[in-house]
Amino acid sequence: MAAPMLRWGCRGRRWAFARVDGGSCHRRGAPTGSTSNQIRGESSVAQQPLHTAQKTRKGEHKWAAVVGLEIHAQISSNSKLFSGSQVRFSAPPNSLVSFFDASLPGTLPVLNRRCVEAAVMTGLALNCHINKKSLFDRKHYFYADLPAGYQITQQRLPIAVNGSLIYGVCAGKKQSQVIPKTVRIKQIQLEQDSGKSLHDNLRSQTLIDLNRAGVGLLEVVLEPDMSCGEEAATAVRELQLILQALGTSQANMAEGQLRVDANISVHHPGEPLGVRTEVKNLNSIRFLAKAIDYEIQRQINELENGGEILNETRSFHHKLGCTMSMRDKEGKQDYRFMPEPNLPPLVLYDATSLPAGADPQQVINIDQIRETLPELPSVTREKLVQQYGMLLEHSFTLLNEVGLLEFFQNVIKETRAEPKKVTSWVLNTFLGYLKQQNLAVSESPVTPSALAELLDLLDSRTISSSAAKQVMDVKNRNPRAINKLIGLVRKATQSRADPVMIKEILEKKLSL
Amino acid sequence: MLGRSLREVSAALKQGQITPTELCQKCLSLIKKTKFLNAYITVSEEVALKQAEESEKRYKNGQSLGDLDGIPIAVKDNFSTSGIETTCASNMLKGYIPPYNATVVQKLLDQGALLMGKTNLDEFAMGVLLLSSTLECNGAISARCSLRLPASSDSPDSASQVAGTTGMPHHSQSGSTDGVFGPVKNPWSYSKQYREKRKQNPHSENEDSDWLITGGSSGGSAAAVSAFTCYAALGSDTGGSTRNPAAHCGLVGFKPSYGLVSRHGLIPLVNSMDVPGILTRCVDDAAIVLGALAGPDPRDSTTVHEPINKPFMLPSLADVSKLCIGIPKEYLVPELSSEVQSLWSKAADLFESEGAKVIEVSLPHTSYSIVCYHVLCTSEVASNMARFDGLQYGHRCDIDVSTEAMYAATRREGFNDVVRGRILSGNFFLLKENYENYFVKAQKVRRLIANDFVNAFNSGVDVLLTPTTLSEAVPYLEFIKEDNRTRSAQDDIFTQAVNMAGLPAVSIPVALSNQGLPIGLQFIGRAFCDQQLLTVAKWFEKQVQFPVIQLQELMDDCSAVLENEKLASVSLKQ
């Protein structure tokens, strides 16, 4: 239901691109992360060499860092949380905006069933208690991409609480050991996304795109159980895999479907927690780890130099590799939370509480959703370990690389080779080539069938291991590999053949 | 024809005694003649005539859509109407043309009703009493004066006097402006009944300055129906905004159960209390309109889930002996005028004499209702008004030094003092440090108030009988002596608790006061027992035979009105 937008009652005004000043591009308390990538002025914070937080230097106290995360995952749904507008990435600006999304007076929210199911499913996968009754609240603040002046969220009684997320951190000499860690999940709440503000400082204006306004989000709050950037990054990666396995979110950070804010503080173990800062604008897992480690070190340095930590919002600047204060003028904002009067309490049922004769279209059954839960990454890994005798860390790698598990399974299906051999080839040779060429699995020139065939040849000892690796090189269009072949042909023809022609024929034969 | 009830004129349309176009034109011409009442903000003449044309075709083809086909109606200007300006009587929304119809508007149009226009109100429906406004320039005042009735504009001094006396308080005293389009005048100010009484009063020195307020905030809708410019009108009712003007204008004012009628497209005042209200000349008419509006709406999650058994046919009650009428003792307040009190008591006597059981009941938390309402209402107002920031629609100031400055100036220019005052109080109550002490407490009190009603009904009471207002309509000049909040608070006293409890209630005109002005009484029913409530109201209406307003001077064809005039048998008159 794309809205006929130009009719919206503002005569002679292009409403879609609302012009506001470029003076205040940072928002305080934006629930979902601003899209502003700009920075004002130069960083006043000099970059510090990174130290591991736990490292002690002579004569110093030991520092411990405490990291909690607030993660916003965009729900994978056809329509928005409270309106019938479509959800689509990179659609033309303001083309997916209903009257409700633009907050036209008199419009009311209507809850999207799919979003509720996604929240329940995610809650179950994260071992949460699902609240059979949850409530919606309004969170107020003025910002140009929040047309109603408030965001509908679940502040008082969220849909899921008290869960946990288990993730594995690599340790040991070669980082080859996986140590399981647990982070508690405080809650999962359903809420609306905001629109996007595009600040154009040159012309001193802000352009508003409301396509994203009202898209359903799952806010997952992770308790401060993590202690460094790597732990946080691994936990987020695990959550991302779970969401993708469930299909509740595409969780693509580059497209903003997964946005992370980190709460960071440092203290001496045994003493009360330190003042925390909130770091926003973390749009990749790599930057997340970098930003957190930077901020931990910054806080330690600040305190060791006699300074103090301000309870403030900071933004990570990925080019400079540092966090910077967002320097809000107005101190702490009061969001003036209020119950959303237009949405009755959200009531969920289970097998025991389901009223007899209830319309299945009108009720959501938690037990029924539990039955449809797909296999979660932890189970997949366990199966891989059991089925193929691979190491746990290998199973992590298979899942962490997008598409690699599927590739692996397809190779396994088609080859006679030993699973251990396949694992080794996929994780070492194949993945190594991809990394070298900076390719994703989906961009690989080698198909699973080709690798399977190769491994069969290897298995039947038709070719040697080194020959097989050369074939991989060729298949991966490694110029050195094809040059080697050209060299062999020239040798065989006693240099009578034209190298260009040899290359053409070879490429044809190799169907490159 | 104009003086008839909706049901009567519907029958006339079906029998071909009049065509929808003729009816529409009569109403349009009356709207023009009564323009000085300021009942309408927008008259949708073209739309109405086109709808009438289509209705006429249907009648000719024998494909009438039902009782509402071809019936002129009016809609309060806080309901979204597609393609028709919707202002909420606020500078903030001047020029705003919505792209969609409120569900209730769409339902009326789907039944073939003719939309005559959008009626006046207090800005954003705030303030029970419909009052004015910006008489910014003398030009505006004289324009209004020149439209007065010949009978009242013969004194050359009158206009200037009005200007002088009404202009003053705006600038010096109250400074409040309740709707940017000015106050609505109560048609009863120009009725034969009121004028005759006034002639007997030696103190009525100036006729023109004595015009009466309609009550509010749906005053425009009440005046529109009362002056025969349409047969039914939609109001909204948050704390009494439909019942109050109905009582002052001698109409039936019905507030349905919360959730029975969709709020989608009603520009909200207090979401948890707002309901679309119905203003008609008799109870049966209200039931017909309710039948068209009631039922689930997928666009409003707070509406009932199950379809309603339509239509709302009201049986003619022959026997009230099985009824139990409750009289809440807390509603007998010192401010209640002796006339209203006496009529209330006579109404109770009437039920008793016809065999009904009449008992005194207690609603012990009534006295907390006004302050509780104030906290909840202002909090929701603060939240609901946040969207008016000048960005997407409506008014925007010229200041563009910063977004914040633009917001501030837009909102300062767009809202009047009453609205701004409520936004400020509401935001105060919602602050983290105040939320528990104000908002949460008020919610708890609201629950106690709602439980009071539940307890009363559980004790066997079928309907409650109460006054609607403290007294009859007062002249504008008297009214503006108080500030808006005091006025609202006072006049909400019998009506607002019903909104907090979500119950259905209806104000029925009972009799004329000593001054010749209408007085209404209110019936309150159990939640979702709207039909039972209206059935009792219909019986009562039949007993009291409230007189028709005599506005002969307003109309060319007085005969049409007179021929339908019921005898002024005021059985309950003192």
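- Between B:Y435 atom OH and A:D334 atom CG the span is 11.5 Å, to the nearest 0.5 Å.
- The aromatic rings of A:F99 and B:Y100 lie parallel to each other, their planes meeting at an angle below 30°, with 60° marking the opposite boundary.
- Counting heavy-atom pairs closer than 4.5 Å to chain A, the top-ranked of the candidates B:H305, B:E433, B:Q443, B:R411 is B:R411.
- B:S301 places a side-chain N or O within donor-acceptor distance of the main-chain N or O of A:P109, the cut-off being under 3.5 Å.
- Counting heavy atoms from C-beta outward, B:Q392 and A:L210 have side chains that approach closer than 4.5 Å.
- Between A:R138 and B:N271, the closest heavy-atom pair is NH2-ND2, 3.5 Å.
- For residues 379-391 of chain B, the set of pairs meeting the salt bridge (charged side-chain N to carboxylate O under 4.0 Å, His left out) definition, not counting sequence neighbours, is empty.
- No hydrogens or angles considered: nothing links the side chains of B:T403 and A:Y143 as a donor-acceptor pair under 3.5 Å.
- With respect to chain B, the highest number of heavy-atom pairs below 4.5 Å among A:R336, A:M338, A:Q362, A:E340 belongs to A:R336.
- Using a 4.5 Å cut-off between heavy atoms, A:F337 contacts chain B through its backbone alone, with no side-chain atom that close.
- Among B:L431, B:N78, B:L266, B:N384, the residue making the largest number of heavy-atom pairs under 4.5 Å with chain A is B:L431.
- The side-chain hydrogen bond (donor to acceptor under 3.5 Å, both in side chains) check on A:Q154 picks up A:S134, with sequence neighbours excluded.
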